[in-house]
A.B. asks: 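The structure is given below, and queries will be raised subsequently.
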Amino acid sequence: MALLEVSDLVVGYDAFPVLHGINFTVEEGELCVLLGLNGAGKTTTVSSVAGLVKTRSGSVVFDGKDLGRRSPSARVAGGISLSPEGRRVFPRLSVKQNLRLGAWTRRRQSKAVQRQLDLVYDYFPRLGEREGQLAGTLSGGEQQMLAVGRALMSRPKLLLIDEASLGLSPTVARTVWEVTSRIKQDGTTVLMVEQNAGALPFADRALIMEKGTLVYTGVGDELRAVNLREAYLGA
Amino acid sequence: MTTELGIAVVNGVFRGSVYALVALGIVLIYRASGVFNFAQAEFGTTGLFAAYIGIELWQWPYWLGLLFGLAAAVAMGLATERLVINPLRNSSRVTLLVGTAGVALAAIGIQFWQSNEQPIRSMPKLVEGVAFQPFGAAITYQHLITFVVLIVVALALAVFFRSPSGLAIQAAQQEGTAAELVGISVRRVSMMTWGIAALLGGLAGVLSGPNLTFTAGFLTFGAGAALLPGFMAAVLGGMKSMPGALFGGLLVGVIEQFGNLSILSDVSGGGAMMLFLFLLVVLLLRPQGLFVRKAVAA
Ligand SMILES: Nc1ncnc2c1ncn2[C@@H]1O[C@H](COP(=O)(O)OP(=O)(O)O)[C@@H](O)[C@H]1O
Ligand SMILES: [Mg+2]
């Protein structure tokens, strides 16, 4: 059974449908990348999995349970965590305070939270070095690390990362992808959204989205060889 | 002249305590909901009226009346959040502003109706008498208590905002979506903020009411008007700073007292004039407010 199963998902803002009934699964233990051009509907997809946007029809089944209209809060507690597009760190709080708030749903288990904090610092040593600094004063790359770290603090089963590489230098983007790959190896299932095909080598499987529909699902190796990249990603 | 200045400063600090309490509430709500809360002072008058009803009409013990007054203020704050702010959360700020003004007007209307039989009211002070007389300025126990309450409340708020719940409030104010994503209920945070702000307003009301006789709208436009001075204090403090609101409140109190100096004795409304002049100069020279180091990048 897949960890995440999205079926016939239709989502729209106001009158316009943005997702026209998409179907995909994410298997336990894999790192899946959702690729597509700007405006394809990637953010809308992960936002509806995280509970930020209402679905019109279709279902999102996680860990065997239909999530229905559950709030984002209930979904974090249930094991889904999203590092949102644009990072959205808490700018006037410190790095450490940002991370601790990531564990809000488990705040009473202080020992476990401390262990998770150490783990995040192990993934991103930069964050440890700057734990007292206000998040708003970090560089773009550091803020992205903080956003992923914060999402990890709830110890999710499924980590969603929306466009980590946006606005980062190729080197910093690589660092973030490498850590994401480590996070997967340590047992967290990951679905990452990207426009940048540079993420492909890190993924076990790729989904390609175009104008609100999924047009391709396959393993990363396959995709690297095929000219789908040209067709759908313009790369 | 020195004595006169001394008296003005001492009087101003103690009278400014009420403005500071109101300003703290205004800043809290501005940070949370992005709106100037026109009802902030009415949380105070409502609390004052409820305390009066308990103490004078129902003959309750004083402390119970005070608690009742504060509870009424908090209830009004929570109701405002539920019935006005939350339903209008996706509307423009102007709409929200009008909404809070509506709440103030409704509260004043109810107070007029409730006090129809006896529009001018008074109630005893917490402790009667003069506490001390620096430079010959008579500082009553009531003023002293108000000042102490202000300091205690400010310290408590500072501690609270570093606690987990306080950090959650700050997070929700800084990045609502991200707060929702980590599981903070932005709705609960909003309720909590309005409740705390209303408590601050209530304290301003029940502590300042006994200084004078009072009527409906006492803290908004009546003899104990604190809404406009509170706004000025909040603006002086940079609108988002709690210490700024505190010191802004005391400063507004002092400057207002300068209007009573003998050199201005021929000028009627000297205090208000001084205040507006001062605010104007500050806003021209330091538009970010007096107590904010630099505009912090959002
Ligand atoms: N809040 C919104 N209101 C209205 N339309 C939106 C909103 N968010 C996204 N859209 C529209 O939905 C489509 C898909 O957007 P999005 O999911 O952000 O795509 P992507 O993340 O792939 O760039 C776009 O056409 C976009 O304009
Ligand atoms: Mg996007």
A.B. asks: For A:Tyr123, is the OH atom crowded, meaning more than 12 foreign heavy atoms sit under 6.0 Å from it?
C.D. replies: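 Yes, enclosed.
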A.B. asks: Within a reach of under 6.0 Å around CZ of B:Arg93, are more than 12 heavy atoms found that belong to other residues, nucleotides or ligands?
C.D. replies: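 No, not enclosed.
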A.B. asks: So does A:Phe16 have more than 12 non-hydrogen atoms from other groups sitting under 6.0 Å from CZ?
C.D. replies: no
A.B. asks: Return the minimal non-hydrogen interatomic distance between A:Trp104 and B:Val182, and the atom names on each side.
C.D. replies: CB-O, 3.6 Å
A.B. asks: Any chance you could measure B:Glu175, atom CD, to A:Asn98, atom CG, to the nearest 0.5 Å?
C.D. replies: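 Reported value, rounded in 0.5 Å steps: 9.5 Å.
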A.B. asks: Side chain from CB out, backbone as N, CA, C, O: work out which of these in A:Leu52 comes under 4.5 Å of a heavy atom of chain B, or both, or neither.
C.D. replies: side chain
A.B. asks: Indicate the atoms forming the closest heavy-atom contact of B:Gly183 with A:Val76, along with that distance.
C.D. replies: N-CG2, 4.0 Å
A.B. asks: Checking heavy atoms, do the side chain of A:Ser81, its backbone, both or neither come under 4.5 Å from chain B?
C.D. replies: neither
A.B. asks: How long is the gap from CG on B:Leu181 to OG on A:Ser47, to the nearest 0.5 Å?
C.D. replies: 8.0 Å
A.B. asks: If you round to the nearest 0.5 Å, how far is CZ of B:Arg162 from CD of A:Gln97?
C.D. replies: 8.5 Å
A.B. asks: Do the non-hydrogen side-chain atoms of A:Pro84 and B:Thr177 ever get within less than 4.5 Å of each other?
C.D. replies: no
A.B. asks: Tell me whether B:Arg31 at atom CZ has more than 12 heavy atoms from other residues, nucleotides or ligands lying less than 6.0 Å away.
C.D. replies: yes
A.B. asks: Decide side-chain contact (heavy atoms from CB on, under 4.5 Å) for B:Gln174 and A:Leu93; before the verdict, give the C-alpha distance in whole Å, the side-chain angles of both, and the deciding distance to 0.1 Å.
C.D. replies: CA-CA 9 Å; B:Gln174 293 173 19; A:Leu93 297 182; 3.9 Å; yes
A.B. asks: Shorter than 4.5 Å, heavy atoms on both sides: which option in A:Ser73, A:Ser83, A:Ala103, A:Ala151 has the most such pairs with chain B?
C.D. replies: A:Ser73
A.B. asks: Roughly how far apart are A:Arg92 CZ and B:Lys240 NZ, rounded to 0.5 Å?
C.D. replies: 5.5 Å
A.B. asks: Please indicate whether B:Arg188 has more than 12 foreign heavy atoms, meaning atoms of other residues, nucleotides or ligands, lying under 6.0 Å from its CZ.
C.D. replies: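 No, CZ of B:Arg188 has 12 or fewer neighbouring heavy atoms, counting only those of other groups under 6.0 Å.
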A.B. asks: Name the region of A:Arg150, side chain, backbone, both or neither, that has any atom closer than 4.5 Å to a heavy atom of chain B.
C.D. replies: side chain
A.B. asks: Do other residues, nucleotides or ligands put more than 12 heavy atoms under 6.0 Å from B:Phe276 CZ?
C.D. replies: no
A.B. asks: Around atom CD of A:Gln109, are there more than 12 heavy atoms of other residues, nucleotides or ligands at under 6.0 Å?
C.D. replies: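 Counting neighbours around CD of A:Gln109, more than 12 heavy atoms of other residues, nucleotides or ligands fall under 6.0 Å, so yes.
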A.B. asks: Does CZ belonging to A:Arg100 count more than 12 external heavy atoms closer than 6.0 Å?
C.D. replies: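 Yes, enclosed.
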